[in-house]
Engineer: 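I'd like to ask some things about the structure below.
Chain letters run A, B, ... following the sequence lines, proteins first, then strands; residues in each count from 1. Atoms considered below: every heavy atom in the structure, side chains included; atoms not considered: hydrogens, waters and symmetry mates.
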2 protein chains.
Amino acid sequence: MNKKKSLTLQDIADELGITKMTVSRYFREPERVAKATRERIAKIVENQGFVQNRAPSLMSKAITNTIGVVIPSLSNQVFASLVEGIESITQPAGFDILLAHSGYDARVEERKVAMLLSYRVDGLILCETSHTSKTINMIKQSGIPVVEAMELPESPLDMAVGMDHQRASYDTVSEMVRRGCRHVIYLAARLDNRTRLRQKGYEQAMWDAGLTPSSVATPFHSSFTQGQALMRQALNNYNKIDGVFCTNDDLAIGAMQYCLEKGIRVPYDMAVVGFNALDIGQAMKPRLTSVVTPREQIGIKSAELLLAAISGSRDTQRTFDLGYSLTEGKSW
Amino acid sequence: MNKKKSLTLQDIADELGITKMTVSRYFREPERVAKATRERIAKIVENQGFVQNRAPSLMSKAITNTIGVVIPSLSNQVFASLVEGIESITQPAGFDILLAHSGYDARVEERKVAMLLSYRVDGLILCETSHTSKTINMIKQSGIPVVEAMELPESPLDMAVGMDHQRASYDTVSEMVRRGCRHVIYLAARLDNRTRLRQKGYEQAMWDAGLTPSSVATPFHSSFTQGQALMRQALNNYNKIDGVFCTNDDLAIGAMQYCLEKGIRVPYDMAVVGFNALDIGQAMKPRLTSVVTPREQIGIKSAELLLAAISGSRDTQRTFDLGYSLTEGKSW
DNA sequence: ACTTGAAATGTTACTTGTAACATACTGTTT
DNA sequence: AAACAGTATGTTACAAGTAACATTTCAAGT
């Protein structure tokens with residue numbers, strides 16, 4: 001079974017003794033086609049499982065009604081919510097999403113952006129702020145609008161929607177200190193930019209409280225078992241820890257489990273705080289305290305801005321801070 | 001900043017006083033282009049961030065070097081591994097992946113398949129076995145090869161790679177009984193086909209052991225908090241439970257946490273077994289016993305079969321069972 | 001000097017849907 | 001009967017790469 005020569009508008013037109021133009025109209029402005037003709041076309045389309053070839057309209061039309069989205073990971077609830085937010089806007093607007101993932105690697109992002117641009121997407125949403133120069137070059141050349149989602153880079157490529165990770169971190173760690181923690185350690189996995197920003201906020205908060213920041217990191221990407229390992233390492237390296245601030249909930253859960261295993265009581269002996277407020281943290285005993293990131297809102301706002309820019313009506317504001325909040329659990 | 005009229009091969013050719021055919025060759029078979037010319041083209045491509053328009057080649061070439069992949073969810077480690085497996089094969093072979101997600105909904109799958117087919121992908125990998133008739137129609141019409149990954153449907157659309165969920169379930173529950181469980185309850189979230197198959201296996205194992213199966217289900221999609229809720233419900237409804245078999249690890253973790261909270265000791269008072277063997281289960285105390293699904297292998301095999309079929313060399317075998325194993329934790 | 005052949009580049013026609021404009025046909029109004 | 005509006009459909013040219021074949025160029029072999 002080879003790839004068949006696919007059915008075309010012309011094939012349908014021939015079968016009905018009309019021209020492909022009428023069939024083309026059937027799809028784009030059906031009310032312009034006589035009801036009888038419409039039904040005859042519909043019948044063939046149904047029976048034969050006809051799907052239009054998108055290529056010619058990519059060529060002849062300026063707008064393709066597609067946007068490209070590059071997320072770093074396919075298994076992170078954070079980006080799932082982000083994409084959900086995006087789709088809630090793009091789908092009713094008749095836009096398709098081409099999705100790609102970069103594995104947190106700027107060179108992979110470059111490859112994926114090139115692929116998306118080869119399909120002449122009308123806009124891009126990226127979830128990272130560090131890009132290769134080739135990526136930047138290609139995007140500039142294409143002239144399409146871009147939203148960088150999640151962070152608030154100092155000089156965005158174009159537009160940015162996100163929150164201030166460093167500040168969220170600063171505030172949260174400050175509150176840990178206010179609640180009595182004196183030796184808070186920062187646990188970090190593979191260092192992407194958001195991890196670094198959160199670390200900065202943590203360090204600042206510690207210095208400002210007259211305390212000394214210390215962190216434990218792993219080059220592996222974050223996971224529950226890495227969280228365990230980091231907690232073990234932290235306990236080995238430092239002997240007066242009374243709190244850990246984790247770059248995300250995966251690590252926090254792992255850390256909390258390790259404490260449980262070693263008889264370290266959370267929060268009495270050890271405060272554990274995470275970032276992102278995933279569902280898992282809510283199911284834990286004790287319930288995890290975590291920074292809530294407005295990821296679905298970020299997706300919605302990003303898509304709205306992008307569609308506005310595509311249709312030519314840009315906001316003068318380029319950067320949108322959607323803030324953050326906190327789920328207060330029982331882990332601090 | 002509007003979408004610019006994008007740079008074309010012709011533009012580059014004009015700038016160098018050659019024809020676009022030579023520039024086209026530069027991309028497809030660079031060794032056929034004189035070194036000097038090659039370098040002149042390269043310079044422009046680099047400087048201007050040129051990206052080829054894919055549309056014309058979608059039209060003029062039979063093969064597009066792309067495959068479409070539809071996964072049900074963007075936040076499930078299971079499908080992340082599957083896609084990783086797929087890409088490990090397709091990328092070195094020069095194939096791009098167009099990714100879409102269906103949210104476990106056959107009508108959304110239909111929309112996404114239509115979108116992918118409109119780009120004339122050379123093959124499809126789907127992760128579900130229940131499709132709308134329109135989906136089936138469109139795929140049949142296109143004539144491209146399809147792999148259904150994860151399960152082993154009785155009559156696959158085309159090819160299938162996966163494992164026997166019912167059997168894995170049967171064996172695992174049988175082992176729970178052998179270890180002394182007498183009142184095992186099945187916990188299920190939103191009923192997709194795999195959940196149903198696992199339930200069947202569970203029920204069969206219970207009947208075969210002379211025991212009565214009972215289950216607790218929720219229409220919501222699975223999550224850790226749903227796991228807690230289901231465990232609560234199970235304990236309310238049935239008063240002699242000594243084990244739960246969960247349709248996946250999310251539910252199992254939630255269930256285990258609920259037990260912990262209520263002072264029910266796992267595994268002494270209650271055995272908890274999950275499905276998929278995610279990292280989180282390994283970080284739990286007690287470590288979760290779970291069925292290991294060979295998802296990366298499924299991805300690899302699916303991609304291999306698909307690429308083989310695209311290049312015209314099909315295996316006679318249509319269905320591939322990659323088996324399963326078990327991580328034995330401390331939760332049974 | 002002449003042939004040969006391989007390397008480099010060019011020419012032409014084709015892919016399929018769509019914008020823009022043109023035409024045919026119907027029934028209604030004056 | 002002529003004019004007209006409105007609906008339905010048709011005609012033509014075009015988008016940007018590529019397959020297939022054609023041509024040019026130039027050094028090597030006789």
Side-chain angles (χ1 to χ4, degrees), chain A residues 3-42 44-45 48 50-66 94 114-115 117-122 141-142, chain B residues 3-42 44-45 48 50-66 114-115 117-120 122 141-142:
Chain A
K3 192 173 182 177
K4 289 178 203 160
K5 207 195 142 307
S6 54
L7 214 55
T8 66
L9 295 188
Q10 186 69 63
D11 295 332
I12 296 179
D14 289 349
E15 199 163 328
L16 296 176
I18 56 180
T19 61
K20 60 180 178 172
M21 198 59 228
T22 305
V23 187
S24 172
R25 272 191 200 99
Y26 167 82
F27 288 104
R28 293 171 308 103
E29 11 175 37
E31 69 292 347
R32 287 262 157 82
V33 177
K35 199 163 164 237
T37 314
R38 213 150 60 199
E39 280 160 3
R40 291 200 302 154
I41 297 173
I44 296 188
V45 170
Q48 313 238 22
F50 175 76
V51 178
Q52 271 201 78
N53 185 343
R54 202 163 193 138
S57 50
L58 294 197
M59 278 183 13
S60 59
K61 301 209 306 189
I63 191 167
T64 57
N65 283 285
T66 31
M115 182 196 80
L117 291 177
S118 79
Y119 285 108
R120 296 298 183 253
V121 293
D122 298 321
Q141 169 59 39
S142 74
Chain B
K3 193 172 182 177
K4 291 178 202 160
K5 207 196 142 303
S6 54
L7 214 55
T8 68
L9 294 188
Q10 187 70 63
D11 295 331
I12 296 179
D14 289 349
E15 199 162 330
L16 296 176
I18 56 179
T19 61
K20 60 180 179 174
M21 199 58 228
T22 304
V23 187
S24 173
R25 272 193 199 98
Y26 166 82
F27 289 104
R28 291 172 308 105
E29 11 174 37
E31 69 292 347
R32 288 262 157 82
V33 177
K35 201 165 163 234
T37 314
R38 214 151 60 200
E39 280 159 4
R40 291 200 302 155
I41 297 173
I44 296 187
V45 170
Q48 313 238 22
F50 175 77
V51 179
Q52 270 201 77
N53 185 345
R54 202 164 194 136
S57 50
L58 293 196
M59 279 184 13
S60 60
K61 301 210 307 188
I63 191 168
T64 57
N65 282 287
T66 29
M115 182 195 79
L117 291 177
S118 79
Y119 285 108
R120 296 299 183 252
D122 297 322
Q141 169 60 39
S142 75

Engineer: Angle between the two end axes of the helix from C/dA1-D/dT30 to C/dT30-D/dA1, five base pairs per end, rounded to 10 degrees?
Structural biologist: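 Result, rounded to 10 degrees: 50°.
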Engineer: Just how far, in rounded Å, is C1' of D/dT18 from CG of B/L58?
Structural biologist: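 Going from CG in B/L58 over to C1' in D/dT18 covers 12 Å.
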Engineer: Think A/T19 has a side-chain N or O under 4.0 angstrom from the OP1 or OP2 of D/dG10?
Structural biologist: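 So the side-chain polar atoms of A/T19 do come within 4.0 Å of the phosphate oxygens OP1 or OP2 of D/dG10, strictly under.
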Engineer: In whole angstrom, give the distance that lies between atom OH of B/Y119 and atom P of C/dG17.
Structural biologist: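 Distance check: B/Y119 OH to C/dG17 P gives 15 Å.
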Engineer: Just to verify, what does A/T8 make a side-chain hydrogen bond (donor to acceptor under 3.5 Å, both in side chains) with, not counting sequence neighbours?
Structural biologist: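 By the side-chain hydrogen bond (donor to acceptor under 3.5 Å, both in side chains) rule, A/T8 matches A/D11.
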Engineer: Check the distance between D/dA16's C1' and B/N53's CG and give it to me in whole angstrom.
Structural biologist: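 Result: 6 Å.
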Engineer: With sequence neighbours left out, what residues match B/T22 under side-chain hydrogen bond (donor to acceptor under 3.5 Å, both in side chains)?
Structural biologist: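 Testing B/T22 for side-chain hydrogen bond (donor to acceptor under 3.5 Å, both in side chains), a comparison that skips the adjacent residues, returns none.
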Engineer: Specify the separation, in whole Å, of atom CG of A/D11 and atom P of C/dT15.
Structural biologist: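 From A/D11 CG to C/dT15 P: 11 Å.
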Engineer: For B/Q10 and D/dA16, give me the distance from atom CD to atom P, rounded to whole Å.
Structural biologist: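 Roughly 10 Å, once rounded to whole Å.
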Engineer: Using a cut-off of less than 4.0 Å, is there contact between a side-chain N or O of B/T22 and OP1 or OP2 of C/dG10?
Structural biologist: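 B/T22 to C/dG10 OP1/OP2: side-chain N or O found under 4.0 Å.
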Engineer: In whole Å, I'd like the distance from the NZ atom of B/K61 to the P atom of D/dA20.
Structural biologist: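 In whole Å, D/dA20 P and B/K61 NZ are 12 Å from each other.
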Engineer: Tell me the salt bridge (Lys or Arg N to Asp or Glu O under 4.0 Å) pairs involving residues 30-42 of chain B, sequence neighbours left out?
Structural biologist: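 For residues 30-42 of chain B: B/E29-B/R32.
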Engineer: Can you check whether A/Q52 has a side-chain N or O nearer than 4.0 Å to OP1 or OP2 of C/dT18?
Structural biologist: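 For A/Q52, the contact criterion (side-chain N or O under 4.0 Å from OP1 or OP2 of C/dT18) is met.
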Engineer: So if I take every side-chain heavy atom of B/I18 and compare against C/dT15, C/dT18, C/dG10, which nucleotide ends up nearest?
Structural biologist: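 Looking only at heavy atoms from C-beta outward on B/I18, the closest nucleotide is C/dG10.
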Engineer: Sort out for me which residue in B/L16, B/L9, B/T37 forms a side-chain contact (heavy atoms from CB on, under 4.5 Å) with B/V23.
Structural biologist: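 Answer after filtering B/L16, B/L9, B/T37: B/L9.
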Engineer: Could you check which residues of residues 24-41 of chain A get a heavy atom under 4.0 Å from DNA chain C? Sort them by number, please.
Structural biologist: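 Contacting residues: A/S24, A/R28.
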Engineer: Between atom CZ in A/R54 and atom P in D/dG17, what is the gap in whole Å?
Structural biologist: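 Spelled out: CZ on A/R54 to P on D/dG17 is 19 Å.
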Engineer: In chain order, what residues pass the side-chain hydrogen bond (donor to acceptor under 3.5 Å, both in side chains) check against B/Q10, with sequence neighbours excluded?
Structural biologist: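 B/Q10 satisfies side-chain hydrogen bond (donor to acceptor under 3.5 Å, both in side chains) with B/D14 once adjacent residues are dropped.
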Engineer: Could you check how far CE of B/M59 sits from P of C/dT15, rounded to whole Å?
Structural biologist: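 Nearest whole value for this atom pair: 9 Å.
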Engineer: Got a sec, which residues hit ring pair (Phe, Tyr, Trp, His ring centres under 6.0 Å) with B/Y26, two or more places apart in sequence or on another chain?
Structural biologist: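 Not a single residue meets the ring pair (Phe, Tyr, Trp, His ring centres under 6.0 Å) criterion with B/Y26.
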Engineer: Please list, chain by chain and in numerical order, all residues satisfying side-chain hydrogen bond (donor to acceptor under 3.5 Å, both in side chains) with A/N65, sequence neighbours excluded.
Structural biologist: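 Partners of A/N65 under the side-chain hydrogen bond (donor to acceptor under 3.5 Å, both in side chains) test: none.
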Engineer: With sequence neighbours excluded, tell me which residues meet side-chain contact (heavy atoms from CB on, under 4.5 Å) with A/S60.
Structural biologist: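 Scan of A/S60 (side-chain contact (heavy atoms from CB on, under 4.5 Å), adjacent residues dropped) gives none.
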Engineer: Please report the shortest heavy-atom distance between B/P56 and B/N53, naming the atom on each side.
Structural biologist: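 Result for this residue pair: CD-O, 3.5 Å.
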Engineer: Tabulate protein N/O versus nucleotide N/O from nucleotides 23-25 of chain D, keeping only pairs under 3.5 Å, one per line.
Structural biologist:
none

Engineer: Determine: side-chain N/O of A/S60 to OP1/OP2 of C/dT18, distance under 4.0 Å, yes or no.
Structural biologist: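 The answer is no; no side-chain N or O of A/S60 sits under 4.0 Å from OP1 or OP2.
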Engineer: Can you name the residues that form a side-chain contact (heavy atoms from CB on, under 4.5 Å) with A/E15, not counting sequence neighbours?
Structural biologist: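 side-chain contact (heavy atoms from CB on, under 4.5 Å) check on A/E15 returns A/I44, A/Q48.
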Engineer: Measuring from A/I63:CD1 to A/L58:CG, what's the distance to the nearest 0.5 Å?
Structural biologist: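 The CG atom of A/L58 is 12.0 Å from CD1 of A/I63, to the nearest 0.5 Å.
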Engineer: Would you mind telling me which residue lines up with the more 5' stretch of DNA chain C, B/K20 or A/K20, judged by nearest nucleotide?
Structural biologist: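 Comparing both residues, the 5'-ward one is B/K20.
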Engineer: How close do B/Q141 and A/L7 get, counting heavy atoms only, and between which atoms?
Structural biologist: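 Result for this residue pair: NE2-CB, 3.6 Å.
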